[in-house]
Engineer: 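Structure incoming, see below.
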Amino acid sequence: MDTKDKIKVMLDSLQAFYPAASLELNYSSAFELLIAVILSAQCTDARVNQVTQILFKKYKSPQDYIEVDLEELENDIRPSGFYRNKAKLIRGCCETLIRDYESEVPVNIQDMISLPGVGRKTAAMVLGNASAVQQGIAVDTHVKRVVQRLGISPHVEVDKIEQNLMRLVHPEKWTFFSNATILFGRNICQSRKPRCSECPFKDWCPSPDKTI
DNA sequence: CTCCCGATAT
DNA sequence: ATATCAGGAG
């Protein structure tokens with residue numbers, strides 16, 4: 001089966017499995033999602049939601065994040081891990097939003113990745129889910145693992161994998177593909193103990209039983 | 001490439 | 001004990 005067919009089969013199955021694939025992060029604006037995605041690095045959604053439930057009541061705007069002491073912000077996001085890094089990134093991000101973007105989250109990917117703490121994965125995820133703008137495919141650890149196992153992209157660099165996927169998937173489906181593949185990677189094609197017997201692609205997957 | 005960080009699954 | 005979890009910066 002060639003790569004194009006794999007993508008086609010994949011999209012069909014994912015539509016059936018996850019007809020309305022969405023994120024499991026809680027947010028009520030592009031700005032909140034931006035903060036949530038920054039916090040989600042190397043951290044589960046459940047924990048991020050736990051943190052943001054309190055955080056979003058206290059911090060409503062970019063200004064709110066730069067007015068408190070850095071230590072206070074660190075303390076407020078501590079359970080998400082990497083809290084010193086993340087606090088600094090959030091501060092820098094909010095400062096840039098205020099200075100260059102009138103406190104609004106940009107709606108194109110070039111502007112997004114200019115923000116401290118925002119790479120293509122975060123940018124694509126925020127744009128696709130909160131701003132309904134599909135300018136990239138969020139290649140996170142799940143998407144990377146799934147497409148590697150399925151033999152869809154030979155690359156190991158996420159940027160190259162993304163470029164590859166953007167050629168293979170119609171732009172209107174970029175966000176769906178990303179969201180659904182992440183769910184699939186979390187629920188079926190897991191990193192540690194993949195549930196290959198339940199996988200709709202087991203007949204042609206070149207990496208049966210967790211070889212990657 | 002390393003570092004940042006802590007909780008949880010295995 | 002150790003690998004991993006919705007990464008990105010230096």
Side-chain angles (χ1 to χ4, degrees), chain A residues 14 18 21-27 30-56 70-71 73-97 105-106 109-131 134-149 155-162 165 174-196 209-212:
Chain A
L14 291 176
Y18 312 107
S22 63
L23 301 181
E24 293 185 6
L25 290 171
N26 297 333
Y27 62 95
F31 178 59
E32 283 192 0
L33 180 57
L34 176 58
I35 300 297
V37 176
I38 291 173
L39 292 177
S40 74
Q42 298 295 298
C43 181
T44 61
D45 282 3
R47 186 165 307 281
V48 173
N49 288 335
Q50 205 174 309
V51 169
T52 56
Q53 183 174 10
I54 299 165
L55 193 74
F56 291 162
L70 185 56
E71 284 163 28
L73 179 56
E74 287 177 352
N75 203 46
D76 289 337
I77 65 171
R78 186 177 305 264
S80 72
F82 295 167
Y83 59 90
R84 289 195 192 89
N85 261 356
K86 289 176 181 175
K88 240 173 255 159
L89 294 175
I90 288 172
R91 291 280 271 244
C93 190
C94 288
E95 283 167 7
T96 305
L97 286 176
V105 176
I109 198 158
Q110 265 74 24
D111 289 342
M112 284 295 283
I113 61 180
S114 78
L115 302 172
V118 179
R120 289 196 59 90
K121 178 254 164 183
T122 299
M125 193 160 285
V126 173
L127 288 173
N129 288 286
S131 305
Q134 308 193 71
Q135 296 183 8
I137 295 178
V139 179
D140 71 336
T141 180
H142 293 303
V143 174
K144 179 182 176 188
R145 181 179 63 253
V146 169
V147 303
Q148 280 181 337
R149 282 181 176 167
H155 299 110
V156 292
E157 304 95 327
V158 290
D159 285 349
K160 290 187 178 177
I161 292 173
E162 187 192 2
L165 290 173
W174 284 357
T175 301
F176 168 79
F177 176 85
S178 180
N179 289 349
T181 303
I182 287 165
L183 291 177
F184 174 71
R186 171 185 285 175
N187 299 328
I188 307 290
C189 194
Q190 296 147 328
S191 173
R192 312 189 192 210
K193 212 178 146 197
R195 303 161 74 176
C196 296
D209 300 320
K210 66 164 174 54
T211 49
I212 295 178

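Predicted, not measured: the structure shown is a model, and the values here were computed from it. Each chain gets a letter, A, B and so on, in the order its sequence line appears, and its residues count up from 1.
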Engineer: What is the distance, to the nearest angstrom, from the NZ atom on Lys88(A) to the C1' atom on dC3(B)?
Structural biologist: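 Nearest whole value for this atom pair: 11 Å.
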Engineer: Ignoring hydrogens, what is the shortest heavy-atom contact between Leu23(A) and Met125(A)? Give both atom names and the distance.
Structural biologist: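 Minimum heavy-atom contact is CD1-CG, 3.8 Å.
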Engineer: Report yes if a donor N or O on one partner sits less than 3.5 Å from an acceptor N or O on the other, where the partners are the side chain of Arg192(A) and the base of dT10(B); otherwise report no.
Structural biologist: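 No pair found.
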Engineer: Starting at CZ of Arg84(A) and ending at C1' of dG6(B), how long is that distance when rounded to a whole Å?
Structural biologist: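 In whole Å, dG6(B) C1' and Arg84(A) CZ are 12 Å from each other.
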Engineer: Taking CG from Leu39(A) and P from dC4(B), how many angstroms apart are they, rounded to a whole number?
Structural biologist: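 My rounded result for the distance is 19 Å.
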Engineer: Between atom CG of Leu165(A) and atom NZ of Lys160(A), what is the distance when rounded to the nearest 0.5 Å?
Structural biologist: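 Answer for the CG-NZ pair, Leu165(A) versus Lys160(A), is 14.5 Å.
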Engineer: Taking atom P in both dA6(C) and dT10(B), compute the distance separating them and give it to the nearest angstrom.
Structural biologist: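 These two P atoms come out 13 Å apart once rounded.
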Engineer: For nucleotides dC5(B) and dT2(C), find the distance between their P atoms and express it as a whole number of Å.
Structural biologist: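 Rounded to whole Å, the distance is 22 Å.
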Engineer: How many Å lie between CZ on Arg78(A) and P on dC4(B), as a whole number?
Structural biologist: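 From Arg78(A) CZ to dC4(B) P: 15 Å.
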Engineer: Given the P atoms of dA3(C) and dT2(B), what is the spacing between them in whole Å?
Structural biologist: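 Their P atoms lie roughly 14 Å apart.
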Engineer: So which atom in Ala41(A) and which in Phe82(A) form the shortest heavy-atom distance, rounded to 0.1 Å?
Structural biologist: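 Reported closest heavy-atom pair: O-CD1, 4.4 Å.
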Engineer: Figure out the NZ/P separation between Lys144(A) and dC5(C), and round it to whole Å.
Structural biologist: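 Those two atoms, NZ and P, are 10 Å apart.
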Engineer: How long is the straight-line distance from CG of Leu73(A) back to CG of Leu55(A), given to the nearest 0.5 Å?
Structural biologist: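 So the gap between those two atoms works out to 7.0 Å.
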Engineer: Which residues pass the side chain to side chain donor-acceptor pair (under 3.5 Å) test with Asp45(A), sequence neighbours left out?
Structural biologist: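 By the side chain to side chain donor-acceptor pair (under 3.5 Å) rule, Asp45(A) matches Arg186(A).
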Engineer: For the pair Arg145(A) (side chain) and Gly185(A) (backbone), establish whether a donor and an acceptor sit closer than 3.5 Å, ignoring hydrogens and angles.
Structural biologist: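 Present.
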Engineer: Extract from the structure each pairing of a protein N or O with an N or O of nucleotides 6-10 of chain C at less than 3.5 Å, listing the distance.
Structural biologist:
| unit_1 | atom_1 | unit_2 | atom_2 | d |
| --- | --- | --- | --- | --- |
| dA6(C) | OP1 | Arg186(A) | NH2 | 3.0 |
| dA6(C) | OP2 | His142(A) | NE2 | 2.0 |
| dA6(C) | O4' | Asp140(A) | OD2 | 2.9 |
| dA6(C) | N6 | Glu24(A) | N | 2.8 |
| dA6(C) | N6 | Asp45(A) | OD2 | 3.0 |
| dA6(C) | N1 | Asp45(A) | OD2 | 2.7 |
| dA6(C) | N1 | Arg186(A) | NH2 | 3.1 |
| dA6(C) | N3 | Arg186(A) | NH2 | 3.3 |
| dG7(C) | OP2 | Ser40(A) | O | 3.1 |
| dG7(C) | OP2 | Gln42(A) | N | 2.3 |
| dG8(C) | OP1 | Gly119(A) | N | 3.1 |
| dG8(C) | OP1 | Thr122(A) | N | 3.1 |
| dG8(C) | OP1 | Thr122(A) | OG1 | 2.5 |
| dA9(C) | OP1 | Gly117(A) | N | 2.9 |

